[in-house]
Number of protein chains: 2
Amino acid sequence: MRLVVAKCQVDYAGRLTAHLPLATRVIMVKADGSVLVHADGGSYKPLNWMSPPCTLRESVGDDGVVEWTVAATKSDDTLRIRLEEVIHDSDHELGIDPGLQKDGVEKHLQELLAEHTTTLGPGMSLVRREYMTAIGPVDLLCKDAGGSVAVEIKRRGEIDGVEQLTRYLELMNRDPKLRPVRGVFAAQEIKPQARVLAQDRGIECVVVNYDELRGIEDPSLRLF
Amino acid sequence: MRLVVAKCQVDYAGRLTAHLPLATRVIMVKADGSVLVHADGGSYKPLNWMSPPCTLRESVGDDGVVEWTVAATKSDDTLRIRLEEVIHDSDHELGIDPGLQKDGVEKHLQELLAEHTTTLGPGMSLVRREYMTAIGPVDLLCKDAGGSVAVEIKRRGEIDGVEQLTRYLELMNRDPKLRPVRGVFAAQEIKPQARVLAQDRGIECVVVNYDELRGIEDPSLRLF
DNA sequence: TACTTAATTTCGGAG
DNA sequence: CTCCGAAGTTAAGTA
């Protein structure tokens, strides 16, 4: 990993065209050749970058200014960096990273809801997880006193989730052995537009709390 | 901007839980307090990070190991970094960045297509850009010999774009002054699933080439 | 390998 | 300020 702090100008040409005026920035060159240009703010996304695989070529222009040309291997995307003044330049051996361990994403939410279907409504019981249909798997197929219920689970409930569930319901309600099938849209957070569309489609919305569910799952996590 | 290279362990708790085992990594601390933990590969996304606004507190554990606790201001997200061994530590004044100038995104595609509606079909002419409906603006409203045509433009054509256009068509075909309205789905690239769904809905797909359109727009850009 | 879906998405614009 | 859609999205899982 090479770290360079420099007064630089950057131009990108590829899927779009972008330009960065002269200013002091941090440039990271990773072991795989990828390059990131960061400013002193603006969250984790770099101002400009080149994804691997790519190659870096250093040259000196007519005016004596050092210029880096980073070219993608599989497309003709290029990133040009003019280094007007280098303030810092260091190189470090990092080795391969053991990688990130995650917990608490959509899959876990589905597992927890499959264990605690009553969260989705009184008398609700699980028929199948990942119930397969011609157009894809329904997250949960449940049933209660009123009949079959298809459940779509999202971490964040937005319009396309409601559309997805609508497609499943359309299809399943053509099957005489299943129909009538109602829909439940379950998410940790449901956006207003998604809620309106769901209501319009007769789909019930359920906001689920991951921590609460996990608390049911593992009583040792309860606060009292 | 502070740059630290260190053998470290990282733990994140917030919207999810994540853990990074002990390894050598680069840590960026930006002026706004945000922190990025990068490995020597894996594109522009950090392994772990904390978005601004947040605050960094440095402490020393019982075992004498320096530990950073980065806490978000508006939520209870926290990032803990145990610095087992610091290999490099430097600080740099960057100043504010003038920002990125972009060109060639969806908006431009819409502008170009509005100028060259015949790309979308023979005899096609523009009625209005951003034609307003109760559920949002249709990118282009056109007409040809066959009547009105609603055009949805995407850089990459996927299922949700077709769904969006379907909703517009449903609504517009209820209006006696407009109907019948046909649909055209225009994108630089159309995914197979989206194409199938569009066909099922009677929506025509058009693949547009940004560079070609720009060439029509500005003859000086033509290659001959 | 190609395609689909999720993401601690981030970012910008409009109401 | 919130809400909504686009992104050079990236990354992971599956057929």
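Below, chains carry the letters A, B, ... as their sequence lines are ordered, and counting in each starts from 1.
To the nearest 0.5 Å, atoms CG (B:D40) and CD (A:E93) are separated by 7.5 Å. To the nearest 0.5 Å, atom CD1 of residue B:I203 and atom CD of residue B:E152 are 9.5 Å apart.
Between B:H19 and B:Q9 there is a side-chain heavy-atom pair separated by less than 4.5 Å.
Between B:R129 and B:E115 no salt bridge is recorded (no basic side-chain N to carboxylate O distance below 4.0 Å). Looking at A:R82 and A:E84, a side-chain N of the basic residue comes within less than 4.0 Å of a carboxylate O on the acidic one, giving a salt bridge.
Atom CD of A:Q199 has 12 or fewer heavy atoms from other residues, nucleotides or ligands within 6.0 Å.
Taking the side chain of B:R15 as heavy atoms from C-beta on, and the options D:dA6, C:dC11, C:dT8, the nearest nucleotide is C:dT8. Among D:dT10, C:dT10, D:dG8, the nucleotide with an atom closest to any side-chain atom of A:N48 is D:dG8. Comparing atom distances between the B:E106 side chain and each of C:dT8, D:dA6, D:dA11 picks out D:dA6 as nearest. Comparing D:dA7, D:dG5, C:dC11 against the side chain of B:K154 picks out D:dG5 as the nearest.
Taking atom CD of residue B:E163 and atom P of nucleotide C:dT4, one finds them 14 Å apart after rounding to whole Å. The interatomic distance linking B:R195 (CZ) with C:dA2 (P) rounds to 18 Å, in whole Å. Rounded to an integer number of Å, the gap from CZ of A:R156 to P of D:dT2 is 14 Å. A:D160 has its CG atom 10 Å from the P atom of D:dG5, to the nearest Å. Remark: P of D:dC4 and CE of B:M132 are 13 Å apart, rounded to the nearest angstrom. Rounding to whole angstrom units, CG of residue B:D103 and P of C:dG12 are separated by 16 Å. In this structure, A:I135 places its CD1 atom 14 Å from P of C:dT4, rounding to the nearest Å. B:Q188 places its CD atom 12 Å from the P atom of D:dG8, with the value rounded to the nearest Å.
Residue A:G42 is classed as a sugar-phosphate contact, given heavy-atom separations below 4.0 Å to backbone atoms only. At the heavy-atom level, A:M50 lies under 4.0 Å from base atoms of the strands shown. As judged by a 4.0 angstrom heavy-atom cut-off over every strand, A:G104 is placed among residues making no nucleic acid contact.
You cannot call A:Y44 stacked on the base of C:dT10; the centres under 5.5 Å and planes under 30° rule is not satisfied. Judged by centroid separation below 5.5 Å and plane tilt below 30°, B:W49 stacks onto the base of C:dT8.
In this model, the phosphate group of C:dT8 is approached by a side-chain N or O of B:K45 to a distance below 4.0 Å at OP1 or OP2. B:K107 has no side-chain polar atom (N or O) that falls below the 4.0 Å cut-off from OP1 or OP2 of D:dA6. One finds a side-chain N or O of A:Q193 lying less than 4.0 angstrom from the OP1 or OP2 phosphate oxygen of D:dG5. Checking the phosphate oxygens (OP1, OP2) of C:dC3, no side-chain nitrogen or oxygen of B:K191 falls inside 4.0 Å. Proximity of A:S51 to the phosphate of D:dT10: a side-chain N or O atom is located under 4.0 Å from OP1 or OP2.
When all heavy atoms of A:V10 and A:N48 are compared, the pair lying nearest together is CG1-ND2, 3.7 Å.
Taking for each of B:A18 and B:P192 the nucleotide of DNA chain C with the nearest heavy atom, the 5'-most of the two is the partner of B:P192. Mapping A:D139 and A:K74 onto DNA chain C by nearest heavy atom places A:K74 closer to the 5' end of the strand. A residue-by-residue look at A:I159 and A:L47 shows that A:I159 has its nearest nucleotide of DNA chain D further toward the 5' end.
To the nearest whole angstrom, the two P atoms, one in C:dT5 and one in D:dG8, are 22 Å apart. Comparing the same atom, P, in D:dA11 and in C:dC11 gives a spacing of 16 Å after rounding to whole Å.
If you check C:dT5 for Watson-Crick or wobble pairing at under 3.5 angstrom, you find it paired to D:dA11.
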